[in-house]
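When a ligand or atom number is given, it counts from 1 through the structure's own listing order.
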Amino acid sequence: MKILLTEDAIRQRVDLLAAQMNSQYGNQPITIVGVLTGCIVLLADLIRRLEMPIRIALIQASSYRGETTTSGELRISRDFLPDLRGRDVVLIDDILDTGKTIAYLKEHLLAMNVQSVRTCVLLRKIGRQIVPFEPDYIGFEIPDEFVVGYGLDYNDEYRNLPYIGVLNQDA
Ligand code: 5GP
Ligand code: MG
């Protein structure tokens, strides 16, 4: 495993993302909508640094695909998503790759008549985006390699790594 982002680098960057949100929203209540399952570690770290009143909601998005490939159709599960009408939402995902997931989910939330949506991704892969989309908050831009850790998985493993690494495909 090659370490791409250390635990310390991630912590510093999450501090900064939280500071941006704290200054942008002030005391305004927000609802964090996390995209399962990759969001969980970022979500847990981020919310403990936020100072406004917050609610948490979760949505599941998964594409039909093989293991490391990201083509395929998006499947959404709204089982953990409450009525968000009128809420100011911050949508949180682990990584923006082609952009399909985050772009689709933002439209989906807007169609639920939320008051506003901003989007936050921990990682954005350079040179992979197909759908034009600008997240409001970005942790790191990374090269086009398959990464795991800090919530990101390979076959549902490695989510618990405290750092972000590039999986050695031969291992
Ligand atoms: P997009 O819809 O932007 O193509 O893909 C976003 C989703 O693909 C992410 O939420 C994540 O689940 C998955 N994904 C894309 N690139 C990677 C990667 O390098 N590592 C992992 N573990 N998942 C990825
Ligand atoms: Mg995901």
**Item:** Electrostatic pair E134:R124 at N-O distance under 4.0 angstrom
**Value:** yes
**Request:** Salt-bridge test for K125 and E141: reply yes if a basic N is under 4.0 Å from a carboxylate O, no otherwise.
**Result:** no
**Request:** Please indicate whether any nitrogen or oxygen in V147 is less than 3.5 Å from any nitrogen or oxygen in ligand 1.
**Result:** yes
**Fill in**
For I76 and A61, the nearest pair of non-hydrogen atoms, with its separation, is CD1-CB, 4.1 Å
**Which residues share a side-chain hydrogen bond (donor to acceptor under 3.5 Å, both in side chains) with Y25, sequence neighbours left out** = R118
Taking [atom] as the point of reference, which of [options] owns the nearest heavy atom?
atom	options	result
atom 19 (O) of ligand 1	R159, E157, K100, K125	K125
atom 5 (O) of ligand 1	L36, D144, D97, L105	D97
atom 14 (N) of ligand 1	D94, V131, I142, I95	I95

Mark up the atoms of ligand 1 that fall under 4.0 Å of a heavy atom belonging to [X], in ascending order.
X	value
D93	10 (O)
T98	1 (P), 2 (O), 3 (O), 4 (O)
T101	1 (P), 2 (O), 5 (O), 6 (C)
D153	21 (C), 22 (N)

**Prompt:** Using a distance-only test with no angle check, is there a side-chain donor-acceptor pair under 3.5 angstrom linking D45 and Y150?
**Reply:** yes
**Request:** Taking atom types as modelled, find out whether R75 and Q60 have a side-chain donor-acceptor pair closer than 3.5 angstrom.
**Result:** no
Measuring from non-hydrogen atoms of [X] to any atom of ligand 1, is the shortest distance under 4.0 Å?
X	result
G99	yes
E145	yes
F146	yes

**Side-chain touch I164/L152, heavy atoms, less than 4.5 angstrom** = yes
**Message:** So, using side-chain contact (heavy atoms from CB on, under 4.5 Å) as the criterion, who are the partners of D83 when residues are at least two apart?
**Reply:** R85
